Novice: 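Please find one structure pasted underneath; my questions will follow.
Lettering of chains follows the sequences in order, A, B, ..., and the numbering in each one begins at 1. All of these numbers come straight from a predicted model, not from anything done at the bench.
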Amino acid sequence: LTRVDIGDASSDANAGDGDGDDGASARADSPLPDDLTRDSLELPELSEPELARHYTRLSQMIYGIDSGPYPLGSCTMKYNPKFTEDVAALPSGAVHPDRSERSIQGTLEVLYRLQDYLGRIGGMDAVTLQPPAGAAGEFVGIRVAAAYHEHNGEGHRDEVIVPESAHGTNFATAALGGYDVVSLPSDEDGRVDLDALEAALSENTAALMLTNPNTLGLFERDIEEIAAMVHDVGGLLYYDGANLNALLGRARPGDMGFDVMHYNVHKTFATPHGGGGPGAGPVGVVEELAPFLPAPRVNEADDDGESDESTYELFDPDHTIGHVHGYQGNWLVLVKAFAYIARLGDDGLADASAKAVLNANYLASQIEYDVPYEPFHHEFVASAGEQDAADVAKRMLDYGVHPPTTKWPEIVPEALMTEPTEIESKDTLDRLAGAFNAVVDEDDATIEAAPDRTTARRIDQTAAARSPRLSWHALDDADER
Amino acid sequence: LTRVDIGDASSDANAGDGDGDDGASARADSPLPDDLTRDSLELPELSEPELARHYTRLSQMIYGIDSGPYPLGSCTMKYNPKFTEDVAALPSGAVHPDRSERSIQGTLEVLYRLQDYLGRIGGMDAVTLQPPAGAAGEFVGIRVAAAYHEHNGEGHRDEVIVPESAHGTNFATAALGGYDVVSLPSDEDGRVDLDALEAALSENTAALMLTNPNTLGLFERDIEEIAAMVHDVGGLLYYDGANLNALLGRARPGDMGFDVMHYNVHKTFATPHGGGGPGAGPVGVVEELAPFLPAPRVNEADDDGESDESTYELFDPDHTIGHVHGYQGNWLVLVKAFAYIARLGDDGLADASAKAVLNANYLASQIEYDVPYEPFHHEFVASAGEQDAADVAKRMLDYGVHPPTTKWPEIVPEALMTEPTEIESKDTLDRLAGAFNAVVDEDDATIEAAPDRTTARRIDQTAAARSPRLSWHALDDADER
Amino acid sequence: MDGSHATGSPYAPHTDTEQSAMLEAVGVDSEAELFDIPEAVQFDGEFDIASRSEQETRQLVRSILGRNDDLTELLGRGHYGYYVPSLVDHLADRSEFLTSYTQYQPEVSQGFLQALFEFQSLLVELTGLEIANCSMYDAATALGEAATLAERVRSTSGHRVLVPDQLLEGRRSTLENYVAGTDLAVEEYATADGTVDVGALDEQVDDEVVMVYAENPTIRGTIEERLESIGSLAGEADALFVLGSDPVALSVLQRPADVGADVVIGDASVLGLPTSYGMGLGLFACREEYLRQVPGRLVGVSEDATDRRAFTLTLQTREQHIRRERATSNICTNQAWVALRTAMHAASLGPNGMVDLANRGVTRATDLANRIDEIPGVDAPVHDRHHIREFVARTDQPATVLAADLEDRGFAVHVVGDHEIQICVAGVGDEQLDSFAAALEEVAR
Amino acid sequence: MDGSHATGSPYAPHTDTEQSAMLEAVGVDSEAELFDIPEAVQFDGEFDIASRSEQETRQLVRSILGRNDDLTELLGRGHYGYYVPSLVDHLADRSEFLTSYTQYQPEVSQGFLQALFEFQSLLVELTGLEIANCSMYDAATALGEAATLAERVRSTSGHRVLVPDQLLEGRRSTLENYVAGTDLAVEEYATADGTVDVGALDEQVDDEVVMVYAENPTIRGTIEERLESIGSLAGEADALFVLGSDPVALSVLQRPADVGADVVIGDASVLGLPTSYGMGLGLFACREEYLRQVPGRLVGVSEDATDRRAFTLTLQTREQHIRRERATSNICTNQAWVALRTAMHAASLGPNGMVDLANRGVTRATDLANRIDEIPGVDAPVHDRHHIREFVARTDQPATVLAADLEDRGFAVHVVGDHEIQICVAGVGDEQLDSFAAALEEVAR
């Protein structure tokens, strides 16, 4: 660690920009008065070659999509086309959000076209690109629903219905929006129980949040009836886009009766997940809800008659809920999603879903674990039966593959929620099936001790939570740094 | 493997560009007559995700400069600054060599400035950038020397003198140039033996090829006398730039009396070696030899009086030897070298040599192997003594570092030729010394069995050469593919 | 790849042979049979989106973005264009970093976890607070999360959240959305000459206040001189003192912990990201006592089965995938890869480089303000304060006219009042500043 | 990094403390003491080269290269601008590939060795010859190496090397330099209507000929129709038949082994590199009987100590670092990383994609020639042959005038005769070809 003391003003010594500073002591001086500055800053001082090695080494201790199959159910880990990084890196796209609209017509055109693409794909009338992640998209949906009800004098609606098997974000988002969450059990086929839905619906229903296919990969066949029931009580139908990769070109949420939806671009449109983010969670709505979307959105400007090219402008929807992000969301993600959709087009998108569904069905046919619910689409939930699903996952790491999502949805005991996506070849799926089938016969002692072929062996998560050490400063032994 | 049969002409089916071809059979048709086409093409057919994984996996089985220290004596493996990749990737630099000079003023300016930089650094009057590697630079030097002698009616000179400890390329280059190679022994201090040189020199001497510091890292203190002796018999003095990283800002070949030299840009100027190349081997010469340099070179054009900016043009030296490369050499390497020199400037270049020499001396002070010759500069040659140097190197791999160059120069028994370069920190040098010192006490059985912590264990090189299998086609078992 | 598959997704690897074998294994004749969608909701239209080759797609985007004007941006106000070292691009783009998922399996994610742990450590050092999470979306959403934290931990029955009147609209509006589902209400307090009017604030603070938010530097580039007083006011009312800042400013300005800050939020991507049309990285740090109430992900240290140190996501019971509607936030996907870039950029600067960068922001902004103050028609800086990176200038010309004139000459500045423009030097070279001053002189009078 | 070191190389990591400790360990007071250079040859001047920050250096190069005109290049003649998939850039730029050295320690170089082995395999499939090395510098130097190989393996006392009269000057001149140290002499043979005049060649071939060189496609874009006859002529004279080609053309044209080629040379970087001002990748393949005489590096298969398959450089006794003046070539550093890129590009196309790309070169060149033949003032193609990628057009206007006019309109073409231009379609999009045809129509009459 290097400690830099922040000293007195000495502005002459600091006038330079770039290289050529004269020495460590001069550099630590500050042009500000002492009482406005901190005393010191202690951080490591490393050269570029040392940093290159540090981060290269760290990268070698990470399993990514270029390492092998990554069948995380409901997370849709697809291959991230390399060229999308190139379009995101174009210097012409690196603009400040406070630039005048006339000076960033290119940026606005990309956003406008992406809004348009997403509207067509989801069957929605209007789209906002501002939400910086799927959960933020859900929040926009809930806020839009609230604003809509409020606008209609229905501010009393204080319940959001969420199926038991839904993503945790659905519950948390509804709560963040100030709603009471009404949990909806599944029927024995793994789908929405219409009787339970009937019971849950009331004049207090603000919205039902649903994903389709659901987390078991099953299509909610009664979707038309569900929509009618929700609409009958004055509620809105929200579509969680997490599973949209199952349906591209086959069905559209808008056509099923959904009023509002979010798109997970890192799932459906192959933008990289970056070890946790950034994502983007654009939200599409039907016409009636468009006035409530976040501000600003992008529109084509009236033709000035002088130019062949369209011009674009920002506008605030009439009854906008305002901002849900300081600016316009995650530009670098959005431009990649635009490029992906523009590359694949109708044919490519439809084929992506077709192959995603084929892959899930093929993989399920090759594994020995039981898959209780079907017919599933892009993902299936196997049961580890007597085994602990989390242990199965750890053991699969030893076979060189990434395991599925585990222990969820709870409707399947010891769930192994598996989504291979369209990008895996038959060979890879066979290898993945081999990993499942190797573990299925192993005893508890073996899988509880796993993994033992990884960078780190099984990590004690309980200890980490019991005495949290969350920075170098919290480590007892400074030498560990 | 996929086998594509090349069928009959069917030009309509092949008119498309880009995507959207209609199917495998159509694509295999050729618009050419049968008798001008091959029958089939058999190669693997892989998708982009599969290829990404394939090459990612391959990369993980390679030790590079970002993996750790790489002290290959005489190879000067320095850190390759990342930003030089960015300047090489600028789309504006991607031009065809047959463009008009007026349309590529930027390219020509980079080349002109690099010629100028290199001339200053080497103390040379004129520089060609065409040679695509160091050995190609040597070849230019030898061809220029031949053309010079020929031009002066001295075509009878048919000998090139090369010190015994010189790089193999020196011998091979002289031979390729049609010269008889006269080998020059070292004196007991490891430098040029002046008596032996006197004996070797004659009216048949075309040139003496020398590197300085020599391969032992020793400066040829008698360089002025050596130059005088060579010049006295009418020979030329050639400087092998392999060791130039020792001297930046401290001494220049031109000032020492050298008439012609090459620069190894991947050594001295930190361009990446790319697992074997590309390199670049610019050649500098004194005024007298400039008319013989390869064609074309870049010059400032006469001022047209209209522009503030200089304009640049290509020209053929009067007595040029012609081309030694189809075009102008390895552009992508040259532009990186230019950027590196422009970044470091005088201060940075001088410091690079200072720290390279400090690092070599520090490392040598920390290892237990004997270093018989000194005072060395940027590299030293230790002796493995009773151990086999090649085995020592293999064993060092087990300690997570790259070993030095081994068994050369032969003047040191079981040579360990070590060049840490300026980029290593004291910590890394200590770790490297630790690897040397761990091996020094190990027994032959241990080191002969090494390495055992690497991707592949010790590889049987003899078997590879005894029955060469140089392509998938040569492997017996097709399944191995 | 182009040409290697007749139709369909270029990223689906299936050859015809493989596809047939797989269909047979599944027991269907076509993929269509696998879709269990009632006919009434089947989609049989077209999106009418053309498929393109990779080359064509790149040309398309390049061509569209080519419509953006090439301006020198003297823009800041929360989003900065500092030069990002090439190292950051090359290392962060390594596919292991870029393409991995959240580290639910830490045994194969040690590298990313360590990088995030180092990011947290950087923020702990910069803020002096004990806890930093491994990212929110941006400063605006981090501010919203701070307010919901304040609500959860408040010991009073109050509901007032105080924010400066000059708060950015995007932040203010986002905050309003975050508190819409709570009992909290957002109120403005006054600023005077670009910084907090502490006297006015004093009169507004009472026991009903649960959170006081201030920024240092302020959105107008000024440096707060009475942070300790603000902290005391908040502390006495038992309200959370939430301070907005960023890693560059924090390198030299007063350490938040030393002035009583309970939470620090801000945009950490001032290091790590070039201008990205407002894309950011929410910084969130707080006192240890709020640990169980922190939103977002935390990386902690543990041991593996061989007792070696190992990193792992921890305290996940705060999070939505475990706690559902009782989670501390609904955040799931965050900005981890941006946090990686920020950590890399900070590491490449080192402590000396970070202090340098901040100090140069002070001297260069001051120098430019003094310089353009000489230009007829311009007074700068408007505020009699210390500045960092940016400052407001008063203009004789209407600010919108002046800004448009400057844009025609290739420069972008903020309009922040009828006769006020704001100018930021971050990432702008000396030669560009010279050209800007010359252009300003042409159009200011 | 900027600011982290006061002066000196930004890539030398020494802090002052470390430097002192190291000097002390060595026993000197300063680095200067370590230099053993006689005073007379010490350099105490300056290079007068400024130091720059990374940002400034990037701006400098960007600014200089910005002087290049933005032209649509319809240029070929040995150097092509095919679109290179993004995949190639991203994977080849992984630092393990980019920054490693020659694989002298195969145990830690398996990945690169396998990639080079795959490159060799690609060339073996394309040429039908048994041996391919893992790169020469470019086509010109590969031609030179072929000639020295011919000298080494010749069974006659001859010294004549026959090359086509339309051989590129850069190749011809490089060849002359390679044979300058041998007894070989280069002679031209005639071409007729763009391809080899086999009758004339027949008259030139005798027992003194050690090598006959031909190209397919020719430098004028035509496809040779009598390769077997040429091969037979060479074979009967016991001369090496050396054929010049490239991986795209070889995907569909006659397989060299089938027409009697003994050696194939050429530029393999038509796949893998974008236009790079002539930087290339020498392809070198030959019959197995010349194995011990091959220049350059070879990767072979062996086993490691655990009997697993492993790759290694092999037959190094041919090389300069072992054999010195008796080596098969002086080549040391080659173009390995470009070979990696070529292998990646070929793999990304796959066999279907490669055949496609070649076939499109035929149809698109033919289509464009027919199309511009309609333009008054232009006749195309000049040669009544099949073409691939490019063709020669006869122009009423002097070719230099026409080319300059086209350049003013944004298009670059070759001038190959007083009234001949050459036009290449590789990498040029359909829309650009439309624009070109329109521009040509404007200036051709």
Novice: To the nearest 0.5 Å, how far apart are OG in D/S173 and NE2 in B/H325?
Specialist: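 Between atom OG of D/S173 and atom NE2 of B/H325 there are 12.5 Å.
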
Novice: May I ask you to test the D/V61-B/F338 pair for a side-chain heavy-atom distance under 4.5 Å?
Specialist: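 A side-chain contact exists here, since the closest heavy-atom pair is under 4.5 Å.
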
Novice: Can you tell which part of B/H377 gets under 4.5 Å to a heavy atom of chain D, answering side chain, backbone, both or neither?
Specialist: side chain

Novice: Let me know if B/E224 has heavy atoms under 4.5 Å from chain D in its side chain, its backbone, both or neither.
Specialist: side chain

Novice: If I measure from the heavy atoms of chain B, does D/S251 come under 4.5 Å with its side chain, its backbone, both, or neither?
Specialist: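 For D/S251, the contact with chain B is made by backbone and side chain together.
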
Novice: Assess the side chains of B/S100 and D/E407: does a donor N or O sit below 3.5 Å from an acceptor N or O?
Specialist: yes

Novice: How long is the gap from OG on D/S51 to CG on B/D347, to the nearest 0.5 Å?
Specialist: 4.5 Å

Novice: For D/E319, is it the side chain, the backbone, both or neither that has a heavy atom under 4.5 Å from a heavy atom of chain B?
Specialist: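 When you check distances to chain B, no heavy atom of D/E319 falls under 4.5 Å.
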
Novice: Considering only heavy atoms, which portion of B/A174 lies under 4.5 Å from any heavy atom of chain D: side chain, backbone, both, or neither?
Specialist: neither

Novice: In terms of heavy-atom proximity below 4.5 Å to chain B, should D/L91 be classed as side chain, backbone, both, or neither?
Specialist: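 It is the side chain, since no backbone atom gets that close.
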
Novice: Under 4.5 Å from any heavy atom of chain B, what part of D/D48 do you find: side chain, backbone, both or neither?
Specialist: both

Novice: What part of D/V299 gets within 4.5 angstrom of chain B, counting heavy atoms only: side chain, backbone, both, or neither?
Specialist: backbone

Novice: With a 4.5 Å cut-off on side-chain heavy atoms, are D/L291 and B/P468 touching?
Specialist: yes

Novice: Answer with side chain, backbone, both or neither: which region of D/I37 has an atom nearer than 4.5 Å to a non-hydrogen atom of chain B?
Specialist: both

Novice: Roughly how far, to the nearest 0.5 Å, is CD1 of D/I131 from OG of B/S471?
Specialist: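 One gets 7.5 Å once the value is rounded to the nearest 0.5 Å.
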
Novice: Tell me, do D/L23 and B/L358 make a side-chain contact under 4.5 Å, heavy atoms counted?
Specialist: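 The answer is yes; the side chains approach within 4.5 Å.
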
Novice: Rounded at 0.5 Å granularity, tell me how far OG1 in D/T275 sits from CH2 in B/W331.
Specialist: 11.5 Å

Novice: State whether the side chain of B/D346 and the backbone N or O of D/E46 hold a donor-acceptor pair below 3.5 Å, judged by distance alone.
Specialist: no

Novice: With a 4.5 angstrom heavy-atom cut-off, could you sort out which part of D/R326 is near chain B: side chain, backbone, both or neither?
Specialist: neither

Novice: What do you reckon, are the aromatic ring centroids of D/Y101 and B/Y63 less than 6.0 Å apart?
Specialist: no

Novice: So for D/T317, is it side chain, backbone, both, or neither that comes closer than 4.5 Å to the heavy atoms of chain B?
Specialist: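 When you check distances to chain B, no heavy atom of D/T317 falls under 4.5 Å.
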
Novice: Any chance you could measure B/S59, atom OG, to D/L98, atom CG, to the nearest 0.5 Å?
Specialist: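 If I round to the nearest 0.5 Å, the distance is 11.5 Å.
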
Novice: Find out whether B/M61 and D/S109 are in side-chain contact, i.e. whether some heavy atom of one side chain is under 4.5 Å from a heavy atom of the other.
Specialist: no

Novice: Among the options B/T455, B/D66, B/I341, B/T169, pick out the one with the most heavy-atom pairs lying under 4.5 Å from chain D.
Specialist: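 Looking at each option in turn, the highest pair count goes to B/T169.
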
Novice: Given the options B/G277, B/G345, B/A52, which has more heavy-atom pairs under 4.5 Å with chain D than any of the others?
Specialist: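 Heavy-atom pair counts peak at B/G277.
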
Novice: Are side-chain N/O atoms of D/Q120 and B/H473 paired as donor and acceptor at under 3.5 Å?
Specialist: no

Novice: Side chain, backbone, both or neither: which part of B/P44 has an atom under 4.5 Å from a heavy atom of chain D?
Specialist: backbone

Novice: Side chains of B/V181 and D/R324: does their closest heavy-atom pair fall under 4.5 Å?
Specialist: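 They are not in side-chain contact.
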
Novice: Could you verify whether a donor N or O on one side chain and an acceptor N or O on the other, from B/H323 and D/E169, lie under 3.5 Å apart?
Specialist: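 No, because no side-chain N or O of B/H323 sits under 3.5 Å from a partner of the opposite role on D/E169.
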
Novice: Do we get B/R250 above D/F35's six-membered ring, with its NZ or CZ under 6.0 Å from the centre and within 45° of the axis?
Specialist: yes

Novice: Under 4.5 Å heavy-atom distance to chain D, tell me which part of B/A136 shows up: side chain, backbone, both or neither.
Specialist: both

Novice: Pick one of side chain, backbone, both or neither for D/A32, based on which atoms fall under 4.5 Å of a heavy atom in chain B.
Specialist: both

Novice: Answer with side chain, backbone, both or neither: which region of B/M77 has an atom nearer than 4.5 Å to a non-hydrogen atom of chain D?
Specialist: side chain

Novice: Check this for me, if you would: do B/R458 and D/D304 make a salt bridge, where the nitrogen-to-carboxylate-oxygen distance has to be below 4.0 angstrom?
Specialist: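 Result for this pair is no, no salt bridge flagged.
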
Novice: Flag the pair B/D86 and D/R58 as a salt bridge only when some basic side-chain nitrogen lies within less than 4.0 angstrom of an acidic carboxylate oxygen.
Specialist: yes

Novice: Does the side chain of D/Q335 pick up a donor-acceptor pair with the side chain of B/N330 at under 3.5 Å?
Specialist: yes

Novice: Between B/R143 and D/A180, is there a donor-acceptor pair closer than 3.5 Å when you use the side chain of the first and the backbone of the second?
Specialist: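 Side chain of B/R143 to backbone of D/A180, a donor-acceptor pair under 3.5 Å: no, none is there.
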
Novice: Looking at every non-hydrogen atom in both residues, tell me the closest pair between B/A133 and D/T333 and how far apart they are.
Specialist: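 Nearest heavy atoms, B/A133 then D/T333: CB-O, 3.6 Å.
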
Novice: Is chain D contacted by the side chain of B/S365, its backbone, both, or neither, given a heavy-atom distance below 4.5 Å?
Specialist: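 Contact with chain D: side chain only.
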
Novice: Using non-hydrogen atoms only, which part of B/N359 is less than 4.5 Å away from chain D: side chain, backbone, both, or neither?
Specialist: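 Backbone plus side chain of B/N359, per the 4.5 Å heavy-atom cut-off to chain D.
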
Novice: May I ask you to decide if B/I321's main-chain N or O and D/N177's side chain share a donor-acceptor pair within less than 3.5 Å?
Specialist: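 Yes: the side chain of D/N177 pairs with the backbone of B/I321.
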
Novice: Give the C-alpha distance, both sets of side-chain angles, the deciding distance and a yes or no for side-chain contact (heavy atoms from CB on, under 4.5 Å) between D/Q110 and B/I459.
Specialist: CA-CA 10 Å; D/Q110 285 298 296; B/I459 293 171; 3.2 Å; yes

Novice: Does the side chain of D/T57 pick up a donor-acceptor pair with the side chain of B/R343 at under 3.5 Å?
Specialist: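 Per modelled atom types, D/T57 and B/R343 side chains form no pair under 3.5 Å.
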
Novice: Relative to chain B, which segment of D/M344 carries a heavy atom at a distance below 4.5 Å: side chain, backbone, both, or neither?
Specialist: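 Contact with chain B: backbone and side chain both.
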
Novice: Where on B/A354 is there a heavy atom nearer than 4.5 Å to chain D: the side chain, the backbone, both, or neither?
Specialist: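 Answer is both: backbone and side chain atoms of B/A354 are under 4.5 Å from chain D.
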
Novice: Do the non-hydrogen side-chain atoms of B/R252 and D/F47 ever get within less than 4.5 Å of each other?
Specialist: yes

Novice: Using only heavy-atom distances, determine whether the side chains of D/S9 and B/D351 contain a donor-acceptor pair under 3.5 Å.
Specialist: no

Novice: Under 3.5 Å, is there a donor-acceptor pair between the D/Q19 and B/K426 side chains?
Specialist: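 Checked: D/Q19/B/K426 side chains show no N/O donor-acceptor pair below 3.5 Å.
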
Novice: Who wins among B/A135, B/G178, B/P278 for the most heavy-atom pairs under 4.5 Å with chain D?
Specialist: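 Top count of heavy-atom pairs under 4.5 Å with chain D: B/P278.
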
Novice: Measure distances from D/H414 to the heavy atoms of chain B and classify the residue's part below 4.5 Å as side chain, backbone, both or neither.
Specialist: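 Answer is side chain: those atoms of D/H414 sit under 4.5 Å from chain B.
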
Novice: Could you tell me if B/E138 and D/N330 have a donor-acceptor pair between their side chains, going purely by distance under 3.5 Å?
Specialist: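 Looking only at side-chain atoms, B/E138 and D/N330 do not form any donor-acceptor pair under 3.5 Å.
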
Novice: Can you tell me which portion of D/L168 sits under 4.5 Å from chain B's heavy atoms? Options are side chain, backbone, both or neither.
Specialist: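 The answer is the side chain of D/L168.
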
Novice: For B/Y179, is it the side chain, the backbone, both, or neither that has a heavy atom closer than 4.5 Å to a heavy atom of chain D?
Specialist: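 Answer is neither: B/Y179 stays 4.5 Å or more from chain D.
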
Novice: On the 0 to 90° scale, with breaks at 30° and 60°, tag the B/Y55-D/F97 ring pair as parallel, tilted or perpendicular.
Specialist: perpendicular

Novice: Measure D/Q42 against the heavy atoms of chain B and call it side chain, backbone, both or neither at under 4.5 Å.
Specialist: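 Both backbone and side chain of D/Q42 come within 4.5 Å of chain B.
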
Novice: Which atoms of B/I121 come close to chain D, meaning under 4.5 Å heavy atom to heavy atom: side chain ones, backbone ones, both, or neither?
Specialist: both

Novice: Nearest 0.5 Å, please: how far is OG1 in D/T306 from CZ in B/R457?
Specialist: 6.0 Å

Novice: Indicate whether the side chain of D/T99 and that of B/N80 have a donor and an acceptor atom separated by less than 3.5 Å.
Specialist: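 No donor-acceptor contact under 3.5 Å links the two side chains.
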
Novice: Name the region of B/N361, side chain, backbone, both or neither, that has any atom closer than 4.5 Å to a heavy atom of chain D.
Specialist: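 For B/N361, the contact with chain D is made by backbone and side chain together.
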
Novice: Charged N to carboxylate O below 4.0 Å: is that the case for D/R67 and B/E309?
Specialist: yes

Novice: Would you call B/L36 and D/Q254 a side-chain contact if the rule is heavy atoms closer than 4.5 Å?
Specialist: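 A side-chain contact exists here, since the closest heavy-atom pair is under 4.5 Å.
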
